[in-house]
Protein chains: 2
Amino acid sequence: MSTISIKDIAAKAQVSTATVSYVINGTRNVSRKTRERVEQVIEEMNYKPNNAAQSLKRRRTNTIGVIAEDVTVFNVPEIIDGINDCADRLDMHILLTNLRLDKRIGRQFDQVDAYRKYAEDAVSELLGKQVDGMIYIGAHPRDLTGLFDTEGKPIVYTYCYTQNDVSIQYDDEQASFEAISYLTNKGHSRIAIISGAVDSMPSRLRLGGFYKAITAFELPFNPQWIKMGDWEAESGYRLAKELLESPEPPTAILAMNDVMAVGVMRAAKELGIQIPDQLSIIGFDNREFSEYVSPSITTMDLPLHEMGYKAMEALSHILQGEQVETGEKPVCKLIERDSVAELAN
Amino acid sequence: MSTISIKDIAAKAQVSTATVSYVINGTRNVSRKTRERVEQVIEEMNYKPNNAAQSLKRRRTNTIGVIAEDVTVFNVPEIIDGINDCADRLDMHILLTNLRLDKRIGRQFDQVDAYRKYAEDAVSELLGKQVDGMIYIGAHPRDLTGLFDTEGKPIVYTYCYTQNDVSIQYDDEQASFEAISYLTNKGHSRIAIISGAVDSMPSRLRLGGFYKAITAFELPFNPQWIKMGDWEAESGYRLAKELLESPEPPTAILAMNDVMAVGVMRAAKELGIQIPDQLSIIGFDNREFSEYVSPSITTMDLPLHEMGYKAMEALSHILQGEQVETGEKPVCKLIERDSVAELAN
DNA sequence: TCCTTTATGTTAAACGATTAGATTTTGTTC
DNA sequence: GAACAAAATCTAATCGTTTAACATAAAGGA
């Protein structure tokens with residue numbers, strides 16, 4: 001049991017505890033001779049400073065709280081990995097709180113009140129734990145404004161949208177713009193889009209990117225090609241059927257997530273439509289399965305690691321009293337697979 | 001900033017700090033009148049005890065360190081979720097350390113020395129943080145014996161095998177036995193198995209379950225039906241080809257993970273063999289994609305949540321000086337999907 | 001009435017570090 | 001070797017709790 005304290009070191013090295021502390025932290029000059037002596041004793045006794053005592057005195061714990069809506073949702077681990085990557089370099093530690101929202105209240109993304117309690121409890125716990133700051137990881141991107149009273153401790157949000165707080169989110173508009181751009185490069189112009197739940201921020205922004213793209217590339221505009229899904233496979237299936245059975249079927253469909261893209265594929269299969277030869281599909285999220293289904297799905301990969309990293313970076317800047325420069329948004333990257341084909345004229 | 005201390009509460013409630021402490025912790029009788037007064041002041045001032053000070057005095061932090069080999073590997077988040085679920089109930093907190101092994105040294109599962117450094121650093125950090133104990137989560141099941149010196153702090157392992165320490169692992173033997181049992185119920189008797197890397201513990205144990213099953217059910221034994229893969233899709237593909245092109249092809253294949261099962265499916269497709277009509281497949285892991293590929297893969301679901309929960313439970317028992325009863329191993333469950341068919345005679 | 005419990009409080013010493021400010025040692029210069 | 005400055009080291013207060021030891025008042029028993 002690591003029950004040796006700075007006093008033991010001081011005694012054995014025949015110096016005061018102050019000197020030992022100075023050696024450890026390099027906060028004052030210590031002669032080479034004593035420094036080496038102290039260091040050797042520390043080594044010998046395998047001494048590690050007691051973090052609780054340090055935190056108490058220093059009034060900072062070098063620990064941040066990470067609140068995850070649900071660690072088992074696909075995007076969360078990768079974001080945690082990013083946070084961790086950065087935290088390691090900054091010598092920060094992560095106190096993880098998992099809200100388990102998917103298990104506790106399901107996927108009712110709009111029911112803010114329902115999880116308010118869980119989130120508030122989590123924040124309160126973390127504050128008691130004296131974290132220096134917090135990062136909130138959404139499991140499903142959406143609005144989340146002024147939810148928490150963090151009693152002055154900084155909090156950075158990621159994978160969600162907030163109004164007054166710092167929030168790290170990828171560029172939704174750019175993502176759908178790039179997807180459409182890729183399709184036009186492949187010769188497509190009759191492009192349909194299946195959105196996620198239409199009241200959600202990412203749906204709105206990605207639709208914005210879509211409009212921007214069809215304007216920029218002067219594509220034909222057909223309101224029938226804009227369908228409102230709900231993120232679930234079933235809606236992808238149903239809406240793809242509508243699209244493909246309509247008098248003016250599109251040659252390509254952009255689904256706002258891979259799950260709906262799978263629904264689209266199922267619809268196409270039922271109608272005897274070959275993918276990608278007769279219909280091209282692009283998804284979103286680069287879910288693991290999108291690589292394994294056949295054909296594999298071309299999809300927009302989300303910069304999850306980067307988001308986590310940047311969130312930690314931003315938090316660290318805030319903690320050091322620096323201004324947080326809200327630079328370029330992290331950007332999605334198209335992963336080319338087998339669900340898109342060059343359009344034969 | 002939560003800069004109010006127990007002294008402020010004591011002053012405002014006109015009692016000593018001791019009394020406040022007794023009220024908070026219920027460690028001694030306090031008259032109803034003063035108790036209520038103190039509680040009201042605490043409420044009013046929104047006071048939260050300083051955890052660093054508590055930890056220092058109590059010599060325990062109510063915090064455990066969780067060391068994950070790589071949080072982005074499929075099994076890890078679910079295990080963390082289980083740990084978290086239990087920790088919540090015990091009022092314990094989780095300090096997460098992510099070794100990022102997959103990124104840092106790839107999937108060389110056998111190169112124990114390569115990550116020893118990372119793991120030791122992690123343990124050392126956590127000890128400095130004064131965690132009460134630790135849980136180690138493997139990302140790939142394998143032997144891991146006597147790796148860490150935790151200076152007397154208890155450590156529980158999960159998703160890996162150890163010799164002297166407490167380790168929570170599911171029942172590998174039962175899992176493959178059950179898979180074979182299911183296949184025989186469906187009328188299969190010519191059953192092949194594609195193992196993972198043969199020097200790994202789970203491969204060996206699952207082969208044990210396989211042998212047990214063919215003995216118990218008196219199935220024909222053909223050494224050609226036992227193939228040694230390496231967990232990767234390519235090996236599933238290659239070995240399935242060997243099996244299917246042999247003079248005595250099996251009617252069912254048990255692959256020791258879903259990734260290899262996908263390889264098997266690819267091989268079957270190339271050979272024009274219909275799944276499940278001409279060949280049944282069972283995988284392992286219940287990976288997300290196994291539900292989305294077509295046909296969807298019947299697979300053994302690992303009790304990950306339960307493992308996490310039990311690991312936390314075991315650690316808590318150790319911390320309370322209780323004996324850890326190594327009860328039943330968590331058990332895998334077969335998920336019926338579309339890759340297995342009743343064998344037509 | 002006196003003594004013993006019991007209930008309720010308070011005082012003050014830890015826990016193990018950090019860090020002003022005081023003190024001692026060393027080095028430099030004449 | 002004296003005088004002084006600079007460098008090295010030490011003393012002791014402090015961070016915010018917990019808790020053993022002690023103090024006091026009220027209650028109960030003879």
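As the structure is a computational prediction, the values presented were derived from the model and not from experiment. Below, all heavy atoms of this structure are taken into account, side chains as well, without hydrogens, waters or symmetry copies. In what follows, chains carry the letters A, B, and so on, assigned in the order in which the sequence lines appear, proteins first and then strands, with residues in each chain numbered from 1.
In this model, no donor atom of one side chain and acceptor atom of the other lie less than 3.5 Å apart for A:Gln54 and A:Asn62.
If you run side chain to side chain contact (heavy atoms under 4.5 Å, CB included) between A:Ile64 and each of A:Leu90, A:Ile155, A:Leu95, A:Leu315, only A:Leu315 comes through. Checking each of B:Ile24, B:Val23, B:Val30 against B:Val38 for a side chain to side chain contact (heavy atoms under 4.5 Å, CB included) leaves exactly one that passes, namely B:Val23.
Of the candidates D:dT17, D:dA8, C:dG16, D:dA8 carries the atom nearest the A:Asn29 side chain, counting heavy atoms from C-beta on. Taking every side-chain heavy atom of A:Arg28 into account, D:dC10 is the closest of D:dG16, D:dC10, D:dT17. Side-chain proximity of A:Ser21 to D:dT9, C:dT19, C:dC15: nearest is C:dT19. Across D:dT11, C:dC15, C:dT11, the shortest atom-to-atom separation from the side chain of B:Ala18 is found for C:dT11. Comparing atom distances between the B:Ser5 side chain and each of D:dT9, D:dG16, C:dA17 picks out D:dG16 as nearest. Taking the side chain of A:Ile6 as heavy atoms from C-beta on, and the options C:dA17, C:dT10, D:dT17, the nearest nucleotide is C:dA17.
Look at CD1 on B:Ile24: it is 14 Å from P on D:dG16, rounded to the nearest Å. To the nearest angstrom, C1' of C:dG16 lies 10 Å from CG of A:Asp8. Here D:dA25 presents its C1' atom at 13 Å from NZ of B:Lys33, a figure rounded to the nearest Å. Atom-to-atom, CZ of A:Arg32 to C1' of D:dA7 comes out at 16 Å; the value is rounded to the nearest Å. Atom-to-atom, CZ of A:Arg59 to C1' of C:dT19 comes out at 14 Å; the value is rounded to the nearest Å. The interatomic distance linking A:Asn50 (CG) with D:dG16 (P) rounds to 17 Å, in whole Å. One can place NZ of A:Lys7 at 14 Å from C1' of C:dT18, the figure rounded to the nearest angstrom. In this structure, B:Asn51 atom CG and D:dC15 atom C1' are separated by 14 Å, rounded to whole Å.
Salt bridge status for B:Arg32 with B:Glu36: present, with a side-chain N to carboxylate O gap under 4.0 Å.
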Walk me through whether A:Tyr159 and A:Leu304 qualify under side chain to side chain contact (heavy atoms under 4.5 Å, CB included).
CA-CA 9 Å; A:Tyr159 213 76; A:Leu304 300 171; 3.9 Å; yes
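In terms of phosphate contacts, B:Thr19 brings a side-chain nitrogen or oxygen within less than 4.0 Å of OP1 or OP2 of C:dT10. OP1 or OP2 of D:dT18 lies within a sub-4.0 Å distance of a side-chain N or O belonging to B:Asn25. Contact check, B:Gln54 against D:dT18: a side-chain N or O comes under 4.0 Å of OP1 or OP2.
Contacts of A:Ser31 with the nucleic acid, taken as non-hydrogen atoms under 4.0 Å apart, involve only primed sugar atoms and P, OP1 or OP2. Across all strands, A:Ser55 comes closer than 4.0 Å to no nucleic acid atom at all (heavy-atom distances). Heavy atoms of B:Val30 sit under 4.0 angstrom from primed sugar atoms or phosphate atoms, though from no base atom.
The base of D:dG16 is not paired with the side chain of A:Arg58 by any donor and acceptor separated by under 3.5 Å. Counting distance only, with no hydrogens placed and no angle test, the side-chain atoms of B:Lys57 and the base atoms of D:dT17 include no donor-acceptor pair under 3.5 Å. Side-chain atoms of A:Tyr22 and base atoms of D:dA7 include no donor and acceptor less than 3.5 Å apart.
Taking the six-membered ring for Trp and thresholds of 30 and 60 degrees, A:Tyr136 and A:Tyr157 have ring planes inclined between 30 and 60 degrees apart.
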